[in-house]
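Structure record follows, encoded as structure tokens.
Chain letters run A, B, ... following the sequence lines, proteins first, then strands; residues in each count from 1. All figures in this text were calculated on a predicted structure; none of them were measured in a lab.
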Number of protein chains: 2
Amino acid sequence: MSTAVESAVTELRGMIVNGELPISERITESSAGNLLGISRTPARSALSQLESEGLLIKLEGRGYKIRPFSFADLEKATEVRSVLEGIAAGRLASMGPSEEATVAIEKSIAMTEAIISRDAVTKREIAVYQEANEIYHSAIVDTCGNDFVGQSLERIANIPIIAPGAFTEVEGMAQAEMLRMTVGHSQHVIIWDAIRSRDPVRAESMMREHAGAPIRYAKLFIGDGYQRKLMTTGIVNREDVPKT
Amino acid sequence: MSTAVESAVTELRGMIVNGELPISERITESSAGNLLGISRTPARSALSQLESEGLLIKLEGRGYKIRPFSFADLEKATEVRSVLEGIAAGRLASMGPSEEATVAIEKSIAMTEAIISRDAVTKREIAVYQEANEIYHSAIVDTCGNDFVGQSLERIANIPIIAPGAFTEVEGMAQAEMLRMTVGHSQHVIIWDAIRSRDPVRAESMMREHAGAPIRYAKLFIGDGYQRKLMTTGIVNREDVPKT
DNA sequence: ATGTCAAATTATGCATCCGTAATTGACTAA
DNA sequence: TTAGTCAATTACGGATGCATAATTTGACAT
């Protein structure tokens, strides 16, 4: 929250992904500036940054609009994320994990194990799971020895649901959540085993499967409910949601 | 070349990758502005954009410096590029190539075939080969149906030697160039066959091998000469060049 | 009522100015 | 000689004003 530009980016990004800004509405330098109480100069930087992140689309001469994501877009972004995280896991298996990575990953696994061994889960447990998931994935990406992987991931990491931490809860789907967490945990264990065993091929392919899981299993285990949930956040185009 | 920011980015990027700016020198908003005859406002935007591209590093409070790339960095960027282009090729094989893609790719193959069937190559042929190579790779990436692939590639595409077009010529290495072009052409043919045969696995794995080729084969077929050449461009750190 | 043209509004891009923070360099004291 | 403090320069972030381009609106004519 130091500079106006940084906080503007954070602020606007939050408003966009939470659907607090009407998708239809145009955003200009002035309107964004007024909204956040800053002048046009930092507002312009913030908008152009969000455009390069892919969250805004520039309407030449008429401001920006929020980029509408279709469900297909989310799947495509996930595909890229899976592949990138896959090479991160593969690299880590080749190199051997650092002490730092080992500590973080084993901590994450301990956290998720504690959660799935319970009978029922509350919102609180889901939040902890998300945190653990975030730790697991960033430990692998950050210590894989190839900065370009993390750099490329940053671009698509801001798209909701795609990010590792965004293990979005679906209302009234506690059982389905539990199932997803159990599956996720088991995959974490398997991938970590592959890494420790220095098996890059297995680590890569398992991570590739796993990183694509949130969106794939959303369809597989939950079905339309997930898409409908996404729609309400304004992230997904109405048109993409199956008619009921 | 319309706005000052755009031309400043292009200008500065060119100067950086061509080694026209001393790597040691600090770049501030004012110095960049003076250099290009623009004020600090567009200079600031340009610098921050180049930073997000990974070509500059921000020295908090003291301007920017040119990011030094090690040979290892180039290899890592290539690794990411290979994987991303791999999924593009795989997707194209799954979907079946569009008419547009087919035309572009077959044109590219015809161009490279014409070149390698000659006895000797001049600078001119090498330039044509680069163009054909560029056509081939961008046809696959642009028509693969996943925009995020191209978007992610843009980030690392600016790193010299990594970009498909950057099939840099090494002085006095005409024979080695010829070999690389022949190998490259044959891989293009093979990948295209895999795509047309709707074999995503083969298309992906071959493309992954092929996209990593420039830097891998540089070592394999040319050896130290290549690294020394890179050094003279200022792209690669002196320290990385093997002692002779 | 519709189409066309002009004026006004809107939005952007860029330059300049100001306030602030940080670094550097010089001077003094131990 | 060295260390510490203070001042000056440097650099940045942000606000504002102006020029330009584009879009929209409104008026007028057909």
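Distance, L59(A) CG to dT24(D) C1': 15 Å, rounded to whole Å. dA11(C) atom P lies 12 Å from atom CD1 of I27(A), rounded to whole Å. As a whole-Å value, the separation of E6(B) CD from dT12(C) P is 14 Å. For the pair E60(B) CD and dA11(D) C1', the computed distance is 11 Å after rounding to whole Å. Atom CD in E29(B) sits roughly 14 Å away from atom C1' in dA21(C) (whole-Å rounding). Rounded to whole Å, the distance from CG on L47(B) to P on dG13(D) is 10 Å. Rounding to whole angstrom units, CD1 of residue I38(A) and C1' of dT16(D) are separated by 14 Å.
Side-chain N/O atoms of S39(B) include one lying less than 4.0 angstrom from OP1 or OP2 on dA15(C). For the OP1/OP2 pair of dA11(C) and a distance below 4.0 Å, the side-chain nitrogens and oxygens of K58(A) include no atom meeting the criterion.
In this structure, T41(A) reaches the bases: a heavy-atom distance under 4.0 Å links it to at least one base atom across the strands shown.
Sequence order on DNA chain D of the closest nucleotides to G61(A) and V5(A) puts V5(A) first from the 5' end. Between R40(A) and R62(A), the residue anchored nearer the 5' end of DNA chain D, judged by the nucleotide with its closest heavy atom, is R40(A).
When all heavy atoms of S7(B) and A4(B) are compared, the pair lying nearest together is OG-O, 3.2 Å.
Scanning atom types as modelled, no donor and acceptor separated by under 3.5 angstrom connect the side chain of R44(A) and the base of dG14(D).
Within the 4.5 Å cutoff, the side chain of M207(B) has no heavy atoms near those of the V83(B) side chain.
Checked by atom type and distance alone, the side chain of R208(B) never pairs as donor or acceptor with a backbone atom of E85(B) at under 3.5 Å.
How far CD of E131(B) is from OG of S108(B): 9.5 Å, rounded to the nearest 0.5 Å.
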